[in-house]
Amino acid sequence: MKIGFQQFNINPTFPVNRMLREEKHQAVSDDLHCRIIAIWPDDDIPFYHVSIDTVELWKKREDQVTEVIEEVLGQKIHCICSVTHCHNCPCMTTDDAYVDFVLDVIRHGVGTIELKEYMDVRYLYQYEYFDKVGKSRVMDYTTPHVYAETLSLYGDGKRILTFLIHNVHPTTKDLWVDDFTAEYPGYCIEMLRREYPGEFFTFLLGPAGDTSPHFVRKGRDYAEMVRLAELLHQEFDRQLKLQKAEDAKPVSFRFEEAVIERSDMQVTMETLHIPEKLNSDEEAVLRQLNGEGPIRRKRELREFEHVQQYHLAHVILSEEYSLIFEPFELYSEYYGAVDKRRCSVISISHGFEHYLTGLYLPRLNVHGSLQPFSNDVRRRMWEIFGRWSRQEEV
């Protein structure tokens with residue numbers, strides 16, 4: 001198996017839109033990156049994972065990234081794009097010029113990634129409940145599913161790369177204020193790169209629709225972001241130091257996909273549990289659902305991407321562990337659909353349209369106006385997650 005990786009600077013070289021706004025900015029507090037991991041199995045087409053420091057990436061954008069890489073390589077690939085979901089980054093939804101800039105960085109960079117052949121590829125996966133950086137932002141609810149996870153690949157006995165996985169919104173800083181930053185995902189990565197020279201790190205966001213630093217942060221400035229980054233870094237570093245190469249398990253790489261057809265059925269008031277105590281955001285949502293306000297937030301420039309199919313991907317590392325990539329801002333409840341010891345769920349992976357609230361906890365929440373999905377969609381998602389985590393066919 002051949003493996004390669006590299007990160008590329010994507011600091012804007014011209015003023016670009018802030019998240020979802022036609023408000024131009026250019027300066028950065030710390031560097032923004034596109035990180036690419038290439039895995040070339042001996043008996044399958046290559047797999048590329050692309051992580052971009054931005055807030056969201058529509059399916060159309062992922063298709064563009066895939067086309068660029070295939071054009072450079074001259075062959076078909078499996079490709080999954082993730083975002084770190086940092087809200088104080090340039091906007092790849094509304095700024096086409098910046099999208100072209102990032103695609104050009106990928107076009108010129110992907111061919112320079114050195115692929116090294118390893119005779120023995122293994123992995124180690126760890127996870128721990130971790131709520132020091134963020135908790136549920138839903139009033140009167142505590143989620144049992146907030147995790148810090150490390151997935152490391154070893155080549156010929158040496159750790160070569162690690163996926164850092166966390167399911168809390170990276171939203172410490174005030175929105176649309178000050179310079180662009182990759183928030184605590186980017187800060188953690190740079191700290192670990194200095195601590196472990198020669199190793200590669202990238203970030204994956206788990207089901208974080210209902211989790212954020214809201215009840216944890218002490219401020220909304222860069223210094224507070226650094227404090228939270230250091231807490232998360234300490235947990236990632238603790239897990240890395242616990243690893244022993246001799247415990248790593250063989251990788252038998254496999255990739256599969258599934259599709260969920262779109263449903264336009266609305267969530268009705270009868271399906272929602274409404275608690276007695278509401279915060280101001282939840283009160284606003286309740287007014288919306290009662291017909292006293294717009295049912296969907298308006299964006300300044302573009303509406304949400306509308307697609308007829310939702311694509312899910314399953315990256316299988318062994319019979320005992322796999323990753324599920326899905327397009328929504330899932331609520332953390334969906335981790336209950338999988339055997340956590342055997343599976344990680346990654347959100348905002350290749351496309352974005354809506355938050356997807358839980359199947360078994362359909363209560364009023366701050367994103368109640370962004371959930372036009374029937375329970376059939378939720379059940380299908382839940383079913384696929386469960387089957388894939390047990391490595392059964394769907």
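These numbers come from the heavy atoms of this one structure, side chains and all, not from hydrogens, waters or symmetry mates.
Using modelled atom types, one finds a donor on one side chain and an acceptor on the other under 3.5 Å when comparing S322 with H314. Side chains of T181 and D30: a donor on one and an acceptor on the other come within 3.5 Å. Side-chain atoms of S344 and Y321 form a donor-acceptor pair, as typed in the model, at a separation below 3.5 Å. Under 3.5 Å, the side chains of S347 and E326 contain a donor-acceptor pair of N or O atoms. Counting only N and O atoms by type, the side chains of Q309 and E261 include a donor and acceptor under 3.5 Å apart. Side-chain atoms of E56 and T93 form a donor-acceptor pair, as typed in the model, at a separation below 3.5 Å.
Taking the charged nitrogens against the carboxylate oxygens, R227 and E230 have no contact shorter than 4.0 Å, which rules out a salt bridge. At a threshold of 4.0 Å, the pair E320-R341 does not count as salt-bridged, since none of the basic side-chain nitrogens sits closer than that to a carboxylate oxygen. In summary, K340 and E149 engage in a salt bridge, as defined by a charged side-chain N under 4.0 Å from a carboxylate O. Comment: R107 engages D104 in a salt bridge, judged by a side-chain N to carboxylate O separation of less than 4.0 angstrom. Salt-bridge check for E224 with R217: failed, with every basic side-chain N at 4.0 Å or more from each acidic carboxylate O. D53 and R35 are joined by a salt bridge, as a carboxylate oxygen and a charged side-chain nitrogen come within less than 4.0 angstrom of each other.
The OG atom of S51 lies 11.0 Å from the NE2 atom of H33; values are rounded to the nearest 0.5 Å. Here C89 contributes atom SG and H25 contributes atom NE2; the two are 11.0 Å apart, rounded to the nearest 0.5 Å. Note that the CD1 atom of I106 and the CD atom of E71 stand 12.0 Å from one another [nearest 0.5 Å]. Remark: I324 CD1 to M381 CE distance equals 10.0 Å, nearest 0.5 Å. Summarising the geometry, atom CZ belonging to R379 is positioned 14.0 Å from atom CD1 belonging to I384; distances are rounded to the nearest 0.5 Å. Rounded to the nearest 0.5 Å, atoms OG1 (T142) and CZ (F215) are 9.5 Å apart.
Residues passing the side chain to side chain contact (heavy atoms under 4.5 Å, CB included) test with Q75 are W40, P46, L73, sequence neighbours excluded. With sequence neighbours excluded, the residues forming a side chain to side chain contact (heavy atoms under 4.5 Å, CB included) with A208 are N167, H169, L205, T211, listed by chain and number. Taking the side chain to side chain contact (heavy atoms under 4.5 Å, CB included) definition, one finds that E392 meets it with R387, R390, sequence neighbours left out. Looking at residues two or more places apart in sequence or on another chain, you find no side chain to side chain donor-acceptor pair (under 3.5 Å) involving K116. Take R159 and apply the salt bridge (Lys or Arg N to Asp or Glu O under 4.0 Å) test, not counting sequence neighbours, and it matches E199. Under the salt bridge (Lys or Arg N to Asp or Glu O under 4.0 Å) criterion, K241 pairs with E195, D237, sequence neighbours left out. For D120, the side chain to side chain contact (heavy atoms under 4.5 Å, CB included) partners two or more places apart in sequence, or in a different chain, are R122, D156.
The hydrophobic cluster containing V168 also contains Y129, counting ILVMFWY residues as joined when their side-chain heavy atoms lie under 4.5 angstrom apart, directly or transitively. Note on L323: it does not cluster hydrophobically with V259, by side-chain heavy-atom contacts below 4.5 Å among ILVMFWY residues. Hydrophobic clustering, with ILVMFWY side chains joined whenever heavy atoms are under 4.5 angstrom apart, groups I346 together with V394. No single ILVMFWY cluster, assembled from side-chain heavy atoms under 4.5 Å apart, contains both V177 and M19. In terms of hydrophobic clustering, with Ile, Leu, Val, Met, Phe, Trp and Tyr side chains grouped at heavy-atom distances under 4.5 Å, I160 and L242 are assigned to different clusters.
Of all heavy-atom pairs between N9 and V105, the closest is O-CG1, 4.1 Å. The minimum heavy-atom distance linking S332 with D210 is given by the pair N-OD1, 2.8 Å. Across all their heavy atoms, H85 and P170 have their closest contact at O-CD, 3.6 Å. Across all their heavy atoms, V345 and Y335 have their closest contact at N-OH, 3.2 Å. For the pair L240 and S152, the tightest heavy-atom approach, listed with the atom from each and the gap, is CD2-OG, 3.9 Å. Nearest heavy-atom pair, L228 versus K132, reported as atom, atom and distance to 0.1 Å: CD2-O, 4.2 Å.
For the pair I113/I36, a side-chain contact is recorded, criterion being any heavy-atom separation below 4.5 Å from C-beta on.
Each salt bridge (Lys or Arg N to Asp or Glu O under 4.0 Å) pair with one or both residues in residues 76-86, not counting sequence neighbours, appears once here: E70-K76. Every pair passing ring pair (Phe, Tyr, Trp, His ring centres under 6.0 Å) that includes a residue from residues 182-202 is listed here, sequence neighbours excluded: F5-F200. Evaluation of the salt bridge (Lys or Arg N to Asp or Glu O under 4.0 Å) test over residues 175-185, restricted to residues two or more places apart or in two chains, returns none.
Using a 30° and 60° split on the angle between ring planes, F328 and Y310 fall in the tilted class, from 30° to 60°. A tilted orientation is assigned to the rings of F47 and F253, their planes being inclined by 30° to 60°.
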Please lay out, stage by stage, how C34 and V50 fare under the test side-chain contact (heavy atoms from CB on, under 4.5 Å).
-> CA-CA 7 Å; C34 169; V50 180; 3.6 Å; yes
Would H49 and T202 count as a side-chain hydrogen bond (donor to acceptor under 3.5 Å, both in side chains) if you check the C-alpha gap in whole Å, the side-chain angles of each, and the deciding distance to 0.1 Å?
-> CA-CA 10 Å; H49 178 263; T202 194; 4.7 Å; no
F180 and V16: side-chain contact (heavy atoms from CB on, under 4.5 Å), yes or no, with the steps?
-> CA-CA 10 Å; F180 292 131; V16 298; 3.8 Å; yes
Go through the steps to decide whether W58 and D63 satisfy the test side-chain contact (heavy atoms from CB on, under 4.5 Å), and finish with yes or no.
-> CA-CA 9 Å; W58 287 352; D63 291 343; over 6 Å; no
May I have the step-by-step check of ring-ring contact (aromatic ring centres under 6.0 Å, His included) for F130 and Y147, ending in yes or no?
-> CA-CA 5 Å; F130 183 78; Y147 302 109; over 10 Å; no
Would you sort out whether L192 and H233 count as a side-chain contact (heavy atoms from CB on, under 4.5 Å), showing the intermediate values?
-> CA-CA 8 Å; L192 291 169; H233 161 260; 3.6 Å; yes
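Connectivity analysis of hydrophobic side chains (ILVMFWY, heavy atoms under 4.5 Å, direct or indirect) links L124 to Y154. Hydrophobic cluster of I316: no remaining members, since no ILVMFWY side chain lies below 4.5 Å from it.
Taking the six-membered ring for Trp and the full ring otherwise, the centers of Y48 and H78 sit at least 6.0 Å from each other.
N88 places a side-chain N or O within donor-acceptor distance of the main-chain N or O of D174, the cut-off being under 3.5 Å. A donor-acceptor contact shorter than 3.5 Å links the side chain of D95 to the backbone of N17.
For the pairing with L153, the side chain to side chain contact (heavy atoms under 4.5 Å, CB included) check across I37, I39, T162 returns one residue only, I39.
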